[in-house]
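One structure below.
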Amino acid sequence: MPDPSQLTQFPRPSVAVDTAVLCPVPGRGLHVLMTHPGDGVWQLPGSILRPQERLAEAVARCLREKARLVDRAPVQLHVFDQPDRDDRGWVISVAHLDVLSAADVGLAEDDSPSGQGTEDTPTEAAVPDSSAQSFSGTNPEAAVPEATDADLPESDSDHPDSPVHWRKLVPVHDVHELSAEHQEIVRVAVHRLRAFHERTPDPFGLLEKEFSLRQLRELHEIVAGESLQADTFRRTMLPLLDPTGEAVSQGRGRPAQTFTRRSALALRADTRIQVPEGPRRE
């Protein structure tokens, strides 16, 4: 019988981290970022934990090396522990969720080296329309650089023999190129993101500090994947917002009043409001 004081005598799974990076793209819907090592398949950015590495460190490494995203703080999403979910062996995946604008991802079009792609390489349909609104508050054409061969580093990794990773954004309902395990992570991530937005105005802070109710509703509709009833949305969100006393022009008609998110302290002090629970950063 194994000695319970000696952990090395027990079978041990590998621990992996995988991150669903979701991007609400105006005019196109909710998208997910996928990466490709060049000689494998499209996947979510992820990795097996290295010795003495913490989960947050592994997530940051993967986003930096495979997705070219730095200074991110994804929220922990779910632990996928089905013993046979990975055909490589016993792997427990700690999935994470991150949300940012397409402009912050920095993808304009096909991110793979020209002439080296296949029919699976990204297409224009997977990226934001340059005429669409940008949640960063800047001109989309200026915010999203043109992808060229020169944009590709020799390696995305701290290790010189690590492959360059291509990237693309695809609609969350069209992730058939991912493995079944990663498709499941995307489904859970989308469900969690939509739950956050049902009770919290712009929980990941994609809008400018000041915004109109229309701008807020348009963001929430992209996440929800459907139109939202304007009056119901207004009644739900207004108690969670503070008016700025300013207005912004939104085309024809009178300027729209702008708001900011109420602070957590103010919401807790208001006994009329049940404080929504937003995403918890690691």
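A quick note: this is a predicted structure, and the numbers were derived from the prediction, not measured.
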Answer yes or no: is there a side-chain heavy-atom contact under 4.5 Å between Leu241 and Leu213?
yes

Look up atom CG in Leu169 and atom CG in Leu22, then write down how far apart they are to the nearest 0.5 Å.
10.0 Å

Kindly compute the distance separating CG (Leu30) from SG (Cys23), expressed to the nearest 0.5 Å.
8.0 Å

Check Val105 against Leu69 and note the closest heavy-atom contact, atom names and distance.
CA-CD2, 4.1 Å

Could you tell me if the side chain of Arg187 sits less than 4.5 Å from the side chain of Gln183, heavy atoms only?
yes

Can you name the residues that form a side-chain contact (heavy atoms from CB on, under 4.5 Å) with Asp71, not counting sequence neighbours?
none

For residues His96 and Val17, report the shortest heavy-atom separation together with the two atoms involved.
CE1-CG1, 4.3 Å

For the residue pair Asp242 and Arg262, establish whether any side-chain heavy-atom pair is separated by less than 4.5 Å.
yes

Any idea which heavy atoms bring Arg167 and Ala67 closest together, and the distance?
NH1-O, 2.9 Å

Looking only at non-hydrogen atoms, find the nearest pair between Leu55 and Leu49 and report the distance.
CD2-CD1, 3.9 Å

Any side-chain heavy atom of Glu181 sitting closer than 4.5 Å to one from Asp18?
no

Supply the atom-to-atom distance Ile48 CD1 to Ile92 CD1, rounded to the nearest 0.5 angstrom.
10.5 Å

Close side-chain approach of Cys62 and Thr35, heavy atoms under 4.5 Å
no

Could you go through Arg61 and Glu53, starting from their C-alpha distance and side-chain angles, then the distance that decides it, and tell me whether this counts as side-chain contact (heavy atoms from CB on, under 4.5 Å)?
CA-CA 10 Å; Arg61 170 174 58 81; Glu53 190 174 41; 2.8 Å; yes

Would you say the side chain of Arg261 lies within less than 4.5 Å of the side chain of Phe211, judging by non-hydrogen atoms?
yes

Once you round to the nearest 0.5 Å, how far does CZ of Arg192 lie from CD of Gln76?
9.5 Å

Once you measure the plane-to-plane angle for His220 and Phe233, does it fall in the parallel (<30°), tilted (30-60°) or perpendicular (>60°) bin?
perpendicular

What are the two closest heavy atoms between His197 and Met237, and how far apart are they?
O-CE, 3.5 Å

Can you tell me if Thr258 uses its side chain to pair, donor with acceptor, with the backbone of Thr244 under 3.5 Å?
no

Rounded distance (nearest 0.5 Å) linking atom CG of Leu216 with atom CG of Leu238
9.5 Å

For the side chain of Gln229 and the backbone of Asp231, is there at least one donor-acceptor N/O pair under 3.5 Å apart?
yes

Taking Lys209 for its side chain and Thr260 for its backbone only, find out whether a donor-acceptor pair lies under 3.5 Å.
no

Please work out which of the three classes, parallel, tilted or perpendicular, describes the rings of His36 and Trp42, given edges at 30° and 60°.
perpendicular

How long is the span from the CZ atom in Arg214 to the CZ atom in Arg217, to the nearest 0.5 Å?
8.0 Å

Counting distance only, does the side-chain N/O of Arg72 pair as donor-acceptor with the main-chain N or O of Ala60 below 3.5 Å?
no

So which of Lys168, His182, Gln43 actually passes side-chain hydrogen bond (donor to acceptor under 3.5 Å, both in side chains) with Glu177?
Lys168

Could you tell me whether the side chain of Leu44 reaches within less than 4.5 Å of the side chain of Val32, counting heavy atoms only?
yes

Filter on ring-ring contact (aromatic ring centres under 6.0 Å, His included), then keep only pairs touching residues 52-71, sequence neighbours left out; what's left?
none

How close do Pro45 and Leu63 get, counting heavy atoms only, and between which atoms?
CG-CD2, 4.0 Å

Are any of the side-chain heavy atoms of Leu193 and Phe204 separated by less than 4.5 Å?
yes

